Number of protein chains: 2
Amino acid sequence: MTKKQKKSAYLDPLHSIGYLSRINFRAFNKALEQLIAPHKVSQGQWRFLRVLWEENGLTQKDLSDRVGITEATTVNGVLGLEEAGLVTRRKSKVDARKMMVRLTPKARSLRNKLIPMVVKVNEQALKGIKKKDIVVARRVLTQTFNNLTSEDD
Amino acid sequence: MTKKQKKSAYLDPLHSIGYLSRINFRAFNKALEQLIAPHKVSQGQWRFLRVLWEENGLTQKDLSDRVGITEATTVNGVLGLEEAGLVTRRKSKVDARKMMVRLTPKARSLRNKLIPMVVKVNEQALKGIKKKDIVVARRVLTQTFNNLTSEDD
DNA sequence: TACATTTGCTTAGGTTGCAAAGTAAATTTA
DNA sequence: TAAATTTACTTTGCAACCTAAGCAAATGTA
């Protein structure tokens with residue numbers, strides 16, 4: 001293990017927020033996927049459901065914004081949910097460009113089963129970490145995201 | 001916007017470390033991609049180069065471990081690097097199962113051009129954040145990763 | 001030496017993501 | 001009202017992941 005450039009260690013790519021975000025993202029995904037797999041819901045689908053549980057009847061644009069992905073990706077995901085019988089897609093009568101995505105009863109009934117699992121993943125991830133530090137970490141991650149996205153230089 | 005369950009806000013999926021990791025991972029990727037694109041290097045390739053610059057001549061297994069991906073993914077990535085003339089792949093003479101990956105002079109010469117760009121992305125991301133908080137965030141992310149991966153329940 | 005296991009690489013197939021370009025409906029502008 | 005623009009969705013093609021299953025070389029065991 002070579003260990004040069006000790007000075008700016010907090011910029012070290014191998015321990016950067018970027019690297020840590022990537023491996024954490026995968027770890028969270030995997031943990032969640034394993035928990036919810038018995039319900040035939042993928043982690044990708046879960047992300048849409050989570051948002052729709054908060055507010056049912058969104059356009060694909062709104063869904064995209066809230067999940068944090070592009071509309072192109074949303075199309076695929078929502079089509080999958082439709083196939084699985086978890087959402088319906090219908091053109092808005094008010095604005096024919098809009099595609100309204102609504103939960104089916106089946107999806108609504110999944111809520112109380114799936115939410116606790118997400119909570120569980122979070123609890124496992126955060127075990128032994130001080131709440132104060134978690135708050136700091138969340139603030140830092142929010143800030144880095146904003147720094148990289150809003151102020152496009 | 002509904003706002004129930006205020007109590008366990010630090011478990012709120014929409015502001016969880018998992019969610020923040022995901023959007024940060026993409027933001028870092030995108031920022032880096034844009035900077036290094038002129039050099040015909042993708043962010044995926046950059047991850048291998050970064051490790052090889054630290055230690056040249058690794059097996060695909062070692063590369064996978066250090067980059068944090070599976071060997072299956074590494075095969076693809078390294079084949080791409082070979083096509084781009086950035087690495088060579090040769091069977092180890094000591095152990096014929098091993099595929100040694102080595103940088104070409106071309107890749108070695110890229111180092112001094114690319115590293116500063118990564119540093120730049122990090123600097124942009126961390127702008128205005130206290131070093132102390134960054135240290136906390138890195139520790140939290142390392143811990144959540146360990147919590148989710150090592151202690152498989 | 002023969003058989004079983006481990007290790008490292010590869011292939012095949014699927015998921016989640018993106019950008020770019022295209023379509024159709026709504027809105028703005030002239 | 002006609003033309004230009006914007007908005008929302010879609011399609012296409014690609015990148016970067018993964019898991020599962022398989023192969024071949026090395027190693028361990030009897």
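Just the heavy atoms: all of them, side chains too, but no hydrogens, waters or symmetry mates, feed the values below. So you know, we letter chains A, B, ... as the sequences are listed, proteins then strands, and number each from 1. Just so you know, these numbers come straight off a predicted model, no measurement behind them.
Looking at A:K106, its side chain does come within 3.5 Å of a backbone N or O of A:A84 through a donor-acceptor pair.
Spacing between atom CG of A:L58 and atom P of D:dA8 amounts to 13 Å, rounded to whole angstrom units. When rounded to the nearest whole Å, the span between CZ of B:F25 and P of D:dA15 equals 15 Å. Between B:F28 atom CZ and D:dA16 atom P there is a gap of 18 Å when expressed in whole angstrom units. Rounding to whole angstrom units, CG of residue B:L63 and P of C:dG8 are separated by 13 Å. One interatomic measurement links the two molecules: NZ of B:K98 to P of C:dT10, which rounds to 14 Å at whole-angstrom precision. With rounding to whole Å, B:L32 atom CG is found 16 Å from C:dC18 atom P. Whole-Å rounding puts the A:E82 CD to D:dT10 C1' distance at 14 Å. Rounded to an integer number of Å, the gap from CD of A:E33 to C1' of D:dT19 is 11 Å.
Across all strands shown, B:T74 has no heavy atoms under 4.0 Å from either base or sugar-phosphate atoms. In this structure, A:S42 reaches the sugar-phosphate backbone alone: every heavy-atom distance under 4.0 Å involves primed, P, OP1 or OP2 atoms, never a base. Counting any heavy atom pair closer than 4.0 Å across all strands shown, A:E71 reaches a base atom.
In summary, A:E54 and A:R66 do not engage in a salt bridge, as defined by a charged side-chain N under 4.0 Å from a carboxylate O.
Taking only side-chain nitrogens and oxygens, B:Q60 comes nearer than 4.0 Å to OP1 or OP2 of C:dT10. For the pair B:Q43 and D:dA16, the criterion of a side-chain N or O lying under 4.0 Å from OP1 or OP2 is met. Distances shorter than 4.0 Å separate none of the side-chain N or O atoms of A:T73 from OP1 or OP2 on C:dT16. When the side-chain nitrogen and oxygen atoms of A:K91 are compared with OP1 and OP2 of C:dA25, none of them lie within a distance under 4.0 Å. Listed pair B:T59 / C:dG8 fails the phosphate criterion, with no side-chain N or O lying under 4.0 Å from OP1 or OP2.
Considering only heavy atoms from C-beta on, B:R89 comes within 4.5 Å of B:V78 through its side chain. Between B:V87 and B:F48 the shortest side-chain heavy-atom distance does not fall below 4.5 Å.
Nearest to the side chain of B:R89, among D:dT11, D:dT19, C:dT10, sits C:dT10. Comparing D:dT10, D:dC9, C:dG8 by their closest approach to the side chain of B:R97 singles out C:dG8. Set against C:dA26, C:dC18, C:dT10, the side chain of B:R26 has C:dC18 as its closest nucleotide. In the set C:dA19, C:dT16, D:dA26, C:dA19 carries the atom at the smallest distance from any side-chain atom of A:T70.
Mapped onto DNA chain C by nearest heavy atom, A:A72 and B:K61 fall at different nucleotides, with B:K61 at the one closer to the 5' end. Projected onto DNA chain C by closest heavy-atom contact, B:M99 and A:A96 fall at different nucleotides, the more 5' of which corresponds to B:M99. Nearest-nucleotide positions on DNA chain D place A:M100 closer to the 5' end than the other of B:I69 and A:M100.
Counting heavy-atom neighbours within 6.0 Å of B:R90 CZ, excluding the residue itself, gives a total of 12 or less.
Looking only at atom types and distance, the side chain of A:Q43 has a donor-acceptor partner in the side chain of A:R47 under 3.5 Å away.
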